Amino acid sequence: MWGDLDAIGEKLGYPIYLFQGGYCAKSMVCEKQIAIAVVRKLPRSGKLQVFMVSEDFPQTQFEIMPYVMEDLDDEWNLQKALLQVLNGCKLSDFRLTRAFLTEGQSAVVAKYVKTYPYLAANEIACFLRNPNLREKVIKDWIIWHSKHQQTLFKDGKTYLTFNASKIVASLKIELLDWFIQTFLKDFFGTDVFAETELALLKRCLDLERFDLINVYLIELEALNGFYGLNGRDVLELVQDFAENNSKAASWYANEYLPKITRDA
């Protein structure tokens, strides 16, 4: 059996996907069926490795090779994750979850996070940084949590509030102003507000997006009644950053200070 698979793999090119009925293909979806196993050749040993994704597959026919850590590259993890997801499984191995959320295609990831919307902090970072995701997929995920926040609590806080700092630290820069304008009121005044503000400012300063800090300050003013950064430590962060960055220094001197002096 191994010889037969190897001959097919050499002809098609690894990895190859196995389907019910005993046929193989180069794609994990063939004739409206989803593969039930995937085979690849390990790069150093030359041995074949089978990854099972269905109990329907006759595993007894195969000598299943143990996983070797150095052979588990991101591409292979993504393929295994996709097979599990397409077969309706929830990912439990973080190596597979990380590869899938970071590199998976938008439509497949969107369906997965709609089915399993509760992502851990490290999973949130992977999901939000996926370059393949459409903005709507990210917005829909965040909005879902905001709409269900009356019932979604974690350590006494709503899911959205609890993860606000993780979201602003990883969210695509194009969506930061949308997030600020839409959800600032949700985490303003909570016990995670300070860390969220700090994460937001660090992100904006590192990217030299002082326009987004201005958006934040305008939205914040409507909530706390005055224009200016809320925490003393974040003001010191901005001042320290401005000492070594000419653009930050210009923004601080010409936009921020005149505004707070006039308001005072």
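The figures here come from the full heavy-atom set of this structure, side chains too, leaving out hydrogens, waters and symmetry mates. Quick caveat: nothing in here was measured; it's all calculated off a predicted structure.
Between atom CZ of residue Phe162 and atom CG of residue Asp191 there is a gap of 9.5 Å, rounded to the nearest 0.5 Å. To the nearest 0.5 Å, atom CD1 of residue Ile167 and atom CG of residue Leu175 are 11.5 Å apart. With rounding to the nearest 0.5 Å, the separation of OG1 in Thr196 from CG in Asp186 is 11.0 Å. For the atom pair CG of Leu257 and CH2 of Trp251, the computed distance is 8.5 Å after rounding to the nearest 0.5 Å. We find the CD1-CG distance between Ile213 and Leu220 to be 12.5 Å, quoted to the nearest 0.5 Å. In this structure, NZ in Lys139 is found 13.5 Å from CG in Leu133, a value given to the nearest 0.5 Å.
Of the possible polar contacts, none joining the Lys172 side chain to the Ile138 backbone as a donor-acceptor pair under 3.5 Å is found. Between the side chain of Ser250 and the backbone N or O of Ser246, no donor-acceptor pair lies under 3.5 Å. The closest donor-acceptor contact from the side chain of Asn130 to the backbone of Leu101 lies under 3.5 Å. Using modelled atom types, no side-chain atom of Arg98 and backbone atom of Asn122 make a donor-acceptor pair closer than 3.5 Å. In this structure, the side chain of Asn245 does not engage the main chain of Phe241 through any donor-acceptor pair within 3.5 Å. Proximity of a side-chain donor or acceptor of Asn132 to a complementary backbone N or O of Ser106 within less than 3.5 Å is not detected. A donor-acceptor pair under 3.5 Å links the side-chain atoms of Arg203 to the main chain of Val168, judged by distance alone. One N or O on the side chain of Thr190 and one on the backbone of Phe187 form a donor-acceptor pair closer than 3.5 Å.
The shortest non-hydrogen separation linking Lys114 to Pro117 is O-CD, 3.9 Å. Residue Gly88 comes nearest to Tyr116 through the heavy atom pair O-OH, 3.8 Å, listed as atom of the first residue, atom of the second, then distance. Minimum interatomic distance between Ala99 and Asn77 (heavy atoms only, all atoms of both residues): CB-CB, 3.8 Å. Considering all non-hydrogen atoms of both residues, Lys259 and Glu255 come closest at CB-O, 3.5 Å. Nearest approach of Ser165 to Glu195, heavy atoms of both residues: OG-OE1, 3.2 Å. A pairwise comparison of heavy atoms in Ala199 and Ala169 identifies CB-CB, 4.4 Å as the closest pair.
Residues Val192 and Leu176 fall into different hydrophobic clusters, defined by Ile, Leu, Val, Met, Phe, Trp and Tyr side chains chained together at heavy-atom separations under 4.5 Å. Under the 4.5 Å side-chain contact rule for hydrophobic residues, Phe179 and Leu223 share a cluster. A chain of hydrophobic side-chain contacts below 4.5 Å, direct or via other Ile, Leu, Val, Met, Phe, Trp or Tyr residues, connects Leu201 to Tyr227. Both Leu235 and Tyr216 are assigned to one and the same hydrophobic cluster, defined by single-linkage of ILVMFWY side chains at heavy-atom distances under 4.5 Å.
Side-chain atoms of Leu212 and Ile173, non-hydrogen and from C-beta on, do get closer than 4.5 Å to each other. Side-chain contact between Phe183 and Trp178 is present, with at least one heavy-atom pair separated by less than 4.5 Å. Contact of the Leu237 side chain with the Lys202 side chain is registered, since non-hydrogen atoms from C-beta on lie closer than 4.5 Å. Annotation: side chain of Ile260 is not in contact with side chain of Leu229 (no heavy-atom distance under 4.5 Å). No side-chain heavy atom of Thr115 sits less than 4.5 Å from a side-chain heavy atom of Tyr112. For the pair Glu123 and Phe94, the minimum side-chain heavy-atom distance is below 4.5 Å. Looking at Phe127 and Thr102, their side chains never come closer than 4.5 Å, going by heavy atoms from C-beta outward. Here the side chains of Leu119 and Tyr159 are in contact, with some heavy-atom distance below 4.5 Å.
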Note to self: Go through it in stages, so that I can follow the logic: the residues are Ile124 and Trp141, the test is side chain to side chain contact (heavy atoms under 4.5 Å, CB included), and I'd like the CA-CA distance, side-chain angles, deciding distance and then a yes or no.
What the structure shows: CA-CA 10 Å; Ile124 290 173; Trp141 180 80; 3.9 Å; yes
Next item on the list: Test side chain to side chain contact (heavy atoms under 4.5 Å, CB included) on Ile142 and Leu171 and set out the steps.
Entry: CA-CA 11 Å; Ile142 296 174; Leu171 191 63; 4.1 Å; yes
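Every ring pair (Phe, Tyr, Trp, His ring centres under 6.0 Å) that Tyr252 has, sequence neighbours left out, goes to Tyr256. When the salt bridge (charged side-chain N to carboxylate O under 4.0 Å, His left out) test is applied to Arg209, the partners found at least two apart in sequence or on another chain are Asp211.
Atom NZ of Lys185 is surrounded by more than 12 heavy atoms from other residues, nucleotides or ligands within 6.0 Å.
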